[in-house]
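These numbers come from the heavy atoms of this one structure, side chains and all, not from hydrogens, waters or symmetry mates.
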Amino acid sequence: EARLPQLLRQSQPVDPNVTKLVYNPTLNLNPDNKDTVYKILSEISAERKYSDEYVVLAGDQKIFDLLVKVKKEDPEKYKWILPYPGDWHTL
């Protein structure tokens, strides 16, 4: 039986006016590189409609670590980021 990751399991349908699920594949990009993280964050930031929107970003351990470091380096600029370790890394 296939299991959905914890963040995707919903008891009710996702309201598109409140929650937006986005998958940003990083094919052909080096995920272990800060420049890749900055590029993806820039793309995500451009999609945000309001300055008070928060974005939960899930990734493997390396991506999670990079997100935490980027947020720590410039906390004001990236205060909207909520790093989350991918489900397989919290088992």
Side-chain contact test, heavy atoms from C-beta onward, threshold under 4.5 Å: evaluate it for [X] versus [Y] and give yes or no.
{"X": "Tyr78", "Y": "Ser45", "answer": "no"}
{"X": "Leu67", "Y": "Lys71", "answer": "no"}
{"X": "Tyr38", "Y": "Val70", "answer": "yes"}
{"X": "Val68", "Y": "Pro83", "answer": "yes"}
{"X": "Thr36", "Y": "Leu66", "answer": "no"}

Report task. Can you sort out the partners of Lys39 under side chain to side chain contact (heavy atoms under 4.5 Å, CB included), two or more places apart, ordered by chain and number? Result -> Leu29, Glu43
Query raised in the report: Given Ile81 and Leu41, is the side-chain contact (heavy atoms from CB on, under 4.5 Å) satisfied, shown in steps?
Result: CA-CA 9 Å; Ile81 296 173; Leu41 291 177; 3.6 Å; yes
**Report entry** Closest non-hydrogen atom pair, Phe64 against Gly59
**Finding:** CB-O, 4.4 Å
Query raised in the report: Considering all heavy atoms of both residues, which atom of Asn33 and which atom of Asp35 are nearest to each other, and what is their separation?
Result: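 Nearest pair, atom of Asn33 first, then Asp35: OD1-N, 2.6 Å.
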Report task. For Lys34, look at atom NZ and say whether over 12 heavy atoms of other residues, nucleotides or ligands are found less than 6.0 Å away. Result -> yes
Query raised in the report: Are Ile63 and Ile44 connected in the hydrophobic side-chain network, where two residues link if heavy atoms are under 4.5 Å apart?
Result: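 Yes, it is one cluster - the side chains of Ile63 and Ile44 are joined through contacts under 4.5 Å.
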